[in-house]
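To start, the structure itself, in C-alpha cells.
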Amino acid sequence: VLGWNADSVARNYNYIHRFSQAVHSAAEQSGVGVSWHMAPAEVSFSEQVDEQKGSAADARTGFILASGLPGGMRALIGADLLPGKDVDVVGLCTESEAEDQAVPLTAVSTQPRDVSRRVAAQLFGLIEQGVSAEAGVDLVPARLTRRASTRSPARDSRDVPSGGVAALSV
C-alpha cells in the first residue's frame, strides 16, 4: 500500500485510520501480507516493487495506491511490471485520474463531485432556512470501478497462491 504523507497522518484525518484498519482487516481475513509505505516514498516503494517482481510470476501480487498515484505507477512501470498483466493495481482516486493512466486504473472513488454537490445543497438550504446546522454525518458511499489494471478474479481462491499487497499513500 502506498499511503499518505507523514503530515496527513499526523493531522489524524479519520479516513486514513479507517482505511488503514480496513486494509489490515481484509488482508488478515484473506491471509495476505501487507506492506505499508508512507508517501512520498518512491524509493521504499520502488524497493518493495523490486522485491515483489520476482514473486509476481509465482503469486498474485497487488498494489493499492491510496495516494502518490504518479510515483507509484512510475515505480511499477520502471520495474517492468504491467498493471493488469503482471500485477493488480487499485487506486483511491477520482474517475478522471483513473482514466488518465497509461493503463486505465481500477479505482475506488470517494466521488468528490457528489460530496461537493451535497455540501453546497446543504449549506444553501441552511442559509435559505435561516436555521443552525445540526451535528451529524452524511456518508457518501465510495464506488469501485473495475478497469484494465486488475486481472480477472480467480474462480477459486485456493487456485491462486497468496502474494503480498503493497500499499502507498500520499
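Worth knowing before you read on, the calculation uses all heavy atoms, side chains too, and leaves out hydrogens, waters and symmetry mates. None of these values were measured; they are calculated from a predicted model.
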Requested in this report: For Thr150 and Val89, indicate whether the former's side chain and the latter's backbone hold a donor-acceptor pair under 3.5 Å.
Outcome: no
Query raised in the report: Does Glu97 use its side chain to pair, donor to acceptor, with the backbone of Thr94 at less than 3.5 Å?
Result: yes
Please report the shortest heavy-atom distance between [X] and [Y], naming the atom on each side.
X: Leu105; Y: Cys93; result: CD2-SG, 4.1 Å
X: Asp86; Y: Asp80; result: OD2-O, 3.5 Å
X: Val87; Y: Arg151; result: CA-NH2, 3.6 Å

Query raised in the report: Does Phe63 reach the side chain of Leu76, with side-chain heavy atoms less than 4.5 Å apart?
Result: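 Phe63 reaches Leu76 side chain to side chain.
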**Report entry** Pairwise side-chain contact, Ile64 with Leu92, heavy-atom cut-off 4.5 Å (strictly under)
**Finding:**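 Sidechains of Leu92 and Ile64: no contact.
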Requested in this report: Could you list the residues that satisfy salt bridge (charged side-chain N to carboxylate O under 4.0 Å, His left out) with Glu99, not counting sequence neighbours?
Outcome: Arg147
Query raised in the report: Partners of Asp114 by salt bridge (charged side-chain N to carboxylate O under 4.0 Å, His left out), sequence neighbours excluded?
Result: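 Partners of Asp114 under the salt bridge (charged side-chain N to carboxylate O under 4.0 Å, His left out) test: Arg118.
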Report task. Show your working on side chain to side chain contact (heavy atoms under 4.5 Å, CB included) between Ile16 and Arg18 and close with a plain yes or no. Result -> CA-CA 6 Å; Ile16 294 174; Arg18 288 191 326 249; over 6 Å; no
Report summary line: Interatomic distance, CG@Leu144 vs OG1@Thr106, rounded to 0.5 Å, equals 7.0 Å
Query - Nearest-0.5 Å distance, NE2 of residue His24 to OG of residue Ser20 - result: 6.0 Å
Report task. Report whether Leu82 and Met73 are members of the same hydrophobic cluster (ILVMFWY, side-chain heavy atoms less than 4.5 Å apart, transitive linking). Result -> no
Requested in this report: Determine whether Val103 and Val90 fall in the same hydrophobic cluster, where Ile, Leu, Val, Met, Phe, Trp and Tyr are linked whenever their side-chain heavy atoms lie under 4.5 Å apart.
Outcome: no
Query raised in the report: Using a distance-only test with no angle check, is there a side-chain donor-acceptor pair under 3.5 angstrom linking Gln21 and His17?
Result: yes
Report task. Look at atom CZ of Arg113 and say whether more than 12 heavy atoms of other residues, nucleotides or ligands are closer to it than 6.0 Å. Result -> no
